[in-house]
Amino acid sequence: MAETAGETQALFDESLAIFLERERKNILTGVSERNLCGRLALHMDDLKARYGFNAYYVDTEYNRKQRGRIKTILDDQMREIVINCDLILHSRGEIITRDNIIASK
């Protein structure tokens with residue numbers, strides 16, 4: 001399992017470089033953000049084991065946390081609000097001590 005921020009950054013950087021190279025035409029057409037996140041997720045999923053993240057999943061539009069509950073955070077007034085990650089590298093709650101490695105909203 002990857003242990004440093006270096007592996008996380010390297011995974012993201014390589015995934016992004018491949019994404020930008022292979023998805024250039026898609027990006028330039030103005031396709032939706034959901035499509036682009038999905039395409040980036042595919043490239044990240046292909047590379048994750050190389051960087052020590054084989055126990056993790058790459059998901060888009062993910063809105064769950066441990067035990068299948070809806071993912072929420074507290075806002076600045078301590079009110080619970082529902083969140084939905086555009087792109088996330090995580091254990092889907094299987095590795096509680098180190099779950100959300102990359103999360104983008």
Side-chain angles (χ1 to χ4, degrees):
M1 182 181 308
E3 294 299 326
T4 69
E7 284 95 355
T8 304
Q9 188 67 54
L11 169 59
F12 182 79
D13 290 347
E14 186 174 354
S15 300
L16 182 61
I18 293 168
F19 166 78
L20 292 172
E21 177 186 317
R22 294 186 185 166
E23 304 299 331
R24 185 175 189 277
K25 289 180 184 176
N26 204 17
I27 295 165
L28 293 174
T29 66
V31 74
S32 77
E33 178 184 348
R34 284 180 294 210
N35 176 273
L36 296 176
C37 285
R39 300 301 301 165
L40 178 56
L42 291 173
H43 301 300
M44 191 177 293
D45 196 56
D46 286 345
L47 296 171
K48 68 182 183 179
R50 180 186 308 170
Y51 291 96
F53 296 105
N54 49 331
Y56 289 85
Y57 305 90
V58 182
D59 287 313
T60 58
E61 298 292 321
Y62 201 81
N63 70 343
R64 292 290 183 259
K65 60 183 179 181
Q66 291 80 17
R67 293 177 289 286
R69 296 183 312 224
I70 300 284
K71 189 176 285 278
T72 60
I73 60 171
L74 297 176
D75 69 9
D76 58 347
Q77 296 178 354
M78 300 306 287
R79 292 179 299 207
E80 187 175 66
I81 57 173
V82 174
I83 63 167
N84 186 5
C85 290
D86 294 332
L87 176 68
I88 188 167
L89 172 67
H90 63 141
S91 74
R92 293 183 183 162
E94 295 170 8
I95 306 170
I96 300 294
T97 58
R98 195 154 181 262
D99 191 10
N100 301 330
I101 305 300
I102 296 173
S104 172
K105 175 66 182 129

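Numbers here simply count residues along the sequence, with the first being 1.
Note: Leu87 CG to Cys37 SG = 5.5 Å, rounded to the nearest 0.5 Å. Interatomic distance, CD1 of Ile95 versus OH of Tyr56, reported as 3.5 Å (0.5 Å rounding). One finds the CG atom of Leu42 at 10.5 Å from the CZ atom of Phe19 (value rounded to the nearest 0.5 Å). If you take CG on Leu89 and OG1 on Thr8, they are separated by 7.5 Å, rounding to the nearest 0.5 Å. Taken from CD in Glu61 to CG in Asp86, the straight-line distance is 5.5 Å, to the nearest 0.5 Å. Rounding to the nearest 0.5 Å gives a distance of 8.0 Å between CG of Asn35 and OG1 of Thr29.
Every residue two or more places apart in sequence or in another chain was checked for a salt bridge (Lys or Arg N to Asp or Glu O under 4.0 Å) with Glu94, and none qualifies.
Tyr57 and Ile88 fall into different hydrophobic clusters, where Ile, Leu, Val, Met, Phe, Trp and Tyr side chains are chained together by heavy-atom contacts under 4.5 Å. Hydrophobic clustering (side-chain heavy atoms under 4.5 Å, transitive across Ile, Leu, Val, Met, Phe, Trp, Tyr) groups Val58 together with Leu36.
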Before giving the answer on side chain to side chain contact (heavy atoms under 4.5 Å, CB included), spell out for Phe53 and Met44 the whole-Å C-alpha distance, their side-chain angles and the decisive distance to 0.1 Å.
CA-CA 10 Å; Phe53 296 105; Met44 191 177 293; over 6 Å; no
Hey, mind stepping through Ile18 and Asp46 against side chain to side chain contact (heavy atoms under 4.5 Å, CB included) and telling me if it holds?
CA-CA 11 Å; Ile18 293 168; Asp46 286 345; over 6 Å; no
Side chain to side chain contact (heavy atoms under 4.5 Å, CB included), that's the test. Do Ile101 and Leu11 meet it? Break it down for me.
CA-CA 11 Å; Ile101 305 300; Leu11 169 59; over 6 Å; no
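Each of Glu23, Glu14, Lys48 was compared with His43 under the side-chain hydrogen bond (donor to acceptor under 3.5 Å, both in side chains) criterion, and only Glu23 meets it.
A heavy-atom distance below 4.5 Å is not found between the side chains of Val31 and Arg39.
The closest donor-acceptor contact from the side chain of Asp99 to the backbone of Ser91 lies under 3.5 Å.
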